[in-house]
Participant: 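Structure incoming, see below.
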Amino acid sequence: MITKGIILSGGSGTRMYPTTSAVSKQFLPIFDKPMIYYPLTTLIQSGIRDILIICTQNDIDLFKRLLGSGSQWGLNFSYEIQKNPNGIAEAFIIGEKFISGQKVALILGDNIIYGATIQTMLSDLASNHKGASIFGYEVSDPERYGVAGFDDNGILTSIEEKPLRPKSNFAITGLYFYESEVVEIAKGLKPSKRGELEITDINNIFLKNNQLHFHRFYPGSAWLDAGTSESLLSASEFISTLQDRQGILIGSPELAALENGWISKEDIKNFFGSNIKSNYTMQILRRI
């Protein structure tokens, strides 16, 4: 069972300059809530309560102010600093003490995952996980992402980072499940030509050892990478439209924790206190 989760919110944010010269992109709003609420909700939906936030030195106090100890959602937060943007795989080295020999999930702080069956899929997988798991989503521009390749039987055979000639249209999303051995694998990596410790290299090691499992997010689900100004706007418009038309609330840690039975309706009301005038809080209070 996966009990540990990491949200990687480090990096320099150069793709969203000048906004990110003052604040981490994970604080920017995706419609009515901070970006980091979305990956946080995904971990909650996976049944994970012990969560490490990895961020920069400049942002750690702001993350603590926004998220606190996590107790308001029935969670336990830890915080660590990524001194330099040395790659996604560095998260496991930074988080070695936190992981403490346990299975772990990693999600990137700018990833939004939504779907009617997502919670069941992720919680079931996290409860019975073995090896390593990656998640794919079909896109029209796979050359922008890590891409999965398959044989004629649909079995995963390769992962390539931003290939010129993609072997499929399935992009690898920013959500990963691993055995604890991922820490030692990360420590043994050499920096790529980009000077980073690549998550693709970790996945290829698990693939070579026949321990890597590929899971598809099917139509009806949505995966959004809100790491650029354009995708930030698109994600906000998507969330706004879906919430308005379907009468739902996407990316709410409160509602996800309530559904898991980790907090009560009274806990939510007490936490909000007098802060009930925002659209977000009003939407939650209507639902409880």
Side-chain angles (χ1 to χ4, degrees), residues 2-30 33-44 46 48-73 75-112 174-178 180-192 194-203 225-228 232 253:
I2 297 178
T3 59
K4 302 280 188 173
I6 298 175
I7 302 177
L8 182 58
S9 299
S12 54
T14 54
R15 291 188 296 172
M16 299 184 73
Y17 178 87
T19 303
T20 49
S21 63
V23 66
S24 169
K25 66 183 176 183
Q26 280 79 26
F27 294 115
L28 300 180
I30 302 294
K33 60 194 79 71
M35 185 187 296
I36 196 171
Y37 270 35
Y38 295 90
L40 173 58
T41 299
T42 298
L43 291 184
I44 295 173
S46 302
I48 297 169
R49 304 180 74 166
D50 200 6
I51 296 173
L52 172 65
I53 312 295
I54 297 179
C55 59
T56 67
Q57 177 70 64
N58 290 337
D59 295 318
I60 189 167
D61 289 339
L62 293 175
F63 274 109
K64 289 180 177 180
R65 181 177 178 182
L66 175 66
L67 302 174
S69 67
S71 60
Q72 68 271 29
W73 299 305
L75 307 174
N76 178 44
F77 286 152
S78 302
Y79 297 88
E80 292 288 351
I81 294 169
Q82 185 179 38
K83 295 180 180 180
N84 298 295
N86 294 325
I88 296 172
E90 189 185 32
F92 302 109
I93 300 173
I94 296 171
E96 180 178 10
K97 184 177 179 181
F98 165 80
I99 295 169
S100 187
Q102 303 296 308
K103 298 179 181 182
V104 62
L106 170 68
I107 189 168
L108 305 186
D110 58 5
N111 270 228
I112 300 169
L175 175 65
Y176 315 88
F177 288 179
Y178 294 110
S180 60
E181 65 193 85
V182 70
V183 174
E184 293 304 316
I185 292 174
K187 289 164 69 174
L189 294 180
K190 295 181 180 179
S192 65
R194 300 193 302 167
E196 296 185 3
L197 300 180
E198 303 286 357
I199 195 72
T200 296
D201 290 342
I202 286 180
N203 291 330
D225 174 354
T228 67
L232 181 74

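In this chain, residues are counted from 1 in sequence order. Owing to the predicted nature of the structure, the values given are computational and were not obtained by experimental measurement.
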Participant: If I compare all heavy atoms of Pro191 with all of Leu197, which pair ends up nearest, and what's the gap?
Facilitator: N-CD2, 3.9 Å
Participant: Could you tell me if the side chain of Leu75 sits less than 4.5 Å from the side chain of Leu40, heavy atoms only?
Facilitator: yes
Participant: What's the spacing between Glu184 CD and Ile93 CD1 if we round to 0.5 Å?
Facilitator: 9.5 Å
Participant: Tell me, with the steps shown, if Leu66 and Ile36 meet side chain to side chain contact (heavy atoms under 4.5 Å, CB included).
Facilitator: CA-CA 10 Å; Leu66 175 66; Ile36 196 171; 3.9 Å; yes
Participant: Taking C-beta and beyond as the side chain, do Met35 and Leu232 meet within less than 4.5 Å on heavy atoms?
Facilitator: yes
Participant: Starting at CD1 of Ile185, measure out to CD1 of Ile202 and round the result to the nearest 0.5 Å.
Facilitator: 6.5 Å
Participant: Side chains of Leu43 and Ile7, heavy atoms from C-beta outward: is any pair under 4.5 Å?
Facilitator: yes
Participant: Check for a donor-acceptor pair, side chain of Asp110 on one end and backbone N or O of Ala226 on the other, with a separation under 3.5 Å.
Facilitator: no
Participant: Tell me if the aromatic rings of Phe92 and Tyr178 count as close, with their centers under 6.0 Å from one another.
Facilitator: yes
Participant: Using 30° and 60° as the class boundaries, would you call the ring planes of Phe27 and Phe63 parallel, tilted or perpendicular?
Facilitator: tilted
Participant: When you measure from the side chain of Asn84 to the backbone N and O of Asn86, does any donor-acceptor pair fall under 3.5 Å?
Facilitator: no
Participant: Is the backbone N or O of Tyr38 less than 3.5 Å from a side-chain atom of Thr42, with the two atoms forming a donor-acceptor pair by type?
Facilitator: yes
Participant: May I ask you to test the Glu96-Lys187 pair for a side-chain heavy-atom distance under 4.5 Å?
Facilitator: yes
Participant: Of the options Tyr79, Trp73, Phe77, which is the one that meets Ile51 in a side chain to side chain contact (heavy atoms under 4.5 Å, CB included)?
Facilitator: Phe77
Participant: Of all the heavy-atom pairs spanning Ser24 and Asp59, show the shortest one and how long it is.
Facilitator: CB-OD2, 3.2 Å
Participant: Does either side chain, that of Ser192 or that of Glu198, offer a donor lying less than 3.5 Å from an acceptor on the other one?
Facilitator: yes
Participant: Rounded to the nearest 0.5 Å, how far does OG of Ser180 lie from CD1 of Ile99?
Facilitator: 8.5 Å
Participant: Grab the two heavy atoms, one from Ala89 and one from Leu189, that are nearest each other, plus how far apart they are.
Facilitator: CB-CD1, 3.8 Å
Participant: Could you report the tightest heavy-atom contact between Leu8 and Ile88, atom names first, then the distance?
Facilitator: CD2-CA, 3.7 Å
Participant: Quick check: closest heavy atoms across Ala91 and Ile54, and the distance to 0.1 Å?
Facilitator: O-CD1, 3.6 Å
Participant: Treating Lys4 as the side-chain partner and Phe98 as the backbone partner, does any N or O pair qualify as donor plus acceptor under 3.5 Å?
Facilitator: yes
Participant: Rounded to the nearest 0.5 Å, what separation is found between the OG atom of Ser9 and the CD1 atom of Ile60?
Facilitator: 11.5 Å
Participant: What heavy-atom pair brings Thr3 and Ile48 nearest, and what distance separates the two atoms?
Facilitator: O-CG2, 3.6 Å
Participant: What's the separation between atom CG in Asp225 and atom CG in Leu108, rounded to the nearest 0.5 Å?
Facilitator: 8.0 Å
Participant: Roughly how far, to the nearest 0.5 Å, is CG of Leu106 from CD1 of Ile199?
Facilitator: 5.5 Å
Participant: Would the distance check show the side chain of Gln72 and the main-chain N or O of Leu67 forming a donor-acceptor pair, the cut-off being under 3.5 Å?
Facilitator: yes
